[in-house]
Amino acid sequence: MNFTKESLALQLNKVFERYKDLAVAKDSHNLVRLHGSIPVDILACGFHLCQSYLIDICIPLNSDKLPYVIDTGRSVAISYRHIYDDGVLCLDTDTRIRMRFLDGFDLLQWLQDFVEPYFFSYEYYVRYSSFPFGDREHGCQGILQTYQELFDASSIDAAYKLMRYCCLHSYRGHHICPCGSGKRLRNCHGNALRNFVADSRKLEILKKDLLLVERELIG
Ligand SMILES: [Zn+2]
Ligand SMILES: [Zn+2]
């Protein structure tokens, strides 16, 4: 997330304070790699997880790419749908992570909001065959599902149309809502849309996501 060596160093101090076992394992010009185990202690949905997980965290430098986590300790079964073949964890959709950090990426917060809950969600799924915090598909479908939730739309098709509206039109309350309800925007998804159109940070994420979706739909 456009980390420089300097900006990352500041954040790493906080991370190492909280996660005592993590340390820098590799430090190159375009990537910093952390290695170590992180303790996860979460009580939610009637389930208490208290366990440590050995991971590597890769943080790209001077790049818009999000940091990612490798399951070094092989704690997660490879048959699980949210781990990729190379051992990289599918923490959440990029959209949800980027939307969480509109004011700037925070590595410590990311560990607490996405990495720790990932393991909780996994262990919960192993026991109860359901996801405590929901889950989303990969690729284009996952992006559309994320916007379906953000817009509170009835389908991913409606979510796609709402995304397009945000990119192609300026908001007008009397426009017919693109979701297909036949109602005017102000009486339908107007508030949800304005929330995006009025915030350039959200709109920028949405525009990039729409490009990804359309590329995948066409390709
Ligand atoms: Zn996934
Ligand atoms: Zn609508």
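Order of listing sets the numbers, starting from 1, for every ligand and every atom in it. As the structure is a prediction and not an experimental result, all values here were calculated from the model. Just so it is clear, the values below take in all heavy atoms, side chains as well, and ignore hydrogens, waters and symmetry mates.
- Side-chain N/O atoms of Asn187 and Arg184 include no donor and acceptor closer than 3.5 Å.
- Side chains of Asn30 and Ser28: a donor on one and an acceptor on the other come within 3.5 Å.
- Residues Asp152 and His189 have side chains that never bring a donor and an acceptor to within less than 3.5 angstrom of each other.
- Shown here are the protein N/O/S atoms lying under 2.8 Å from the Zn ion (ligand 2), water excluded: Cys177 SG, Cys179 SG, Cys188 SG, His189 ND1.
- Using a 4.0 Å cut-off between a side-chain N of Lys or Arg and a carboxylate O of Asp or Glu, Asp27 and Lys5 qualify as a salt bridge.
- Ring geometry for His175 versus Tyr165: interplanar angle over 60°, hence perpendicular rather than tilted (30 to 60°).
- The Zn ion (ligand 1) sits nearest to atom ND1 when only the N, O or S atoms of His82 are considered.
- A salt bridge links Glu116 with Arg18: the closest approach of a Lys/Arg side-chain nitrogen to an acidic carboxylate oxygen falls below 4.0 angstrom.
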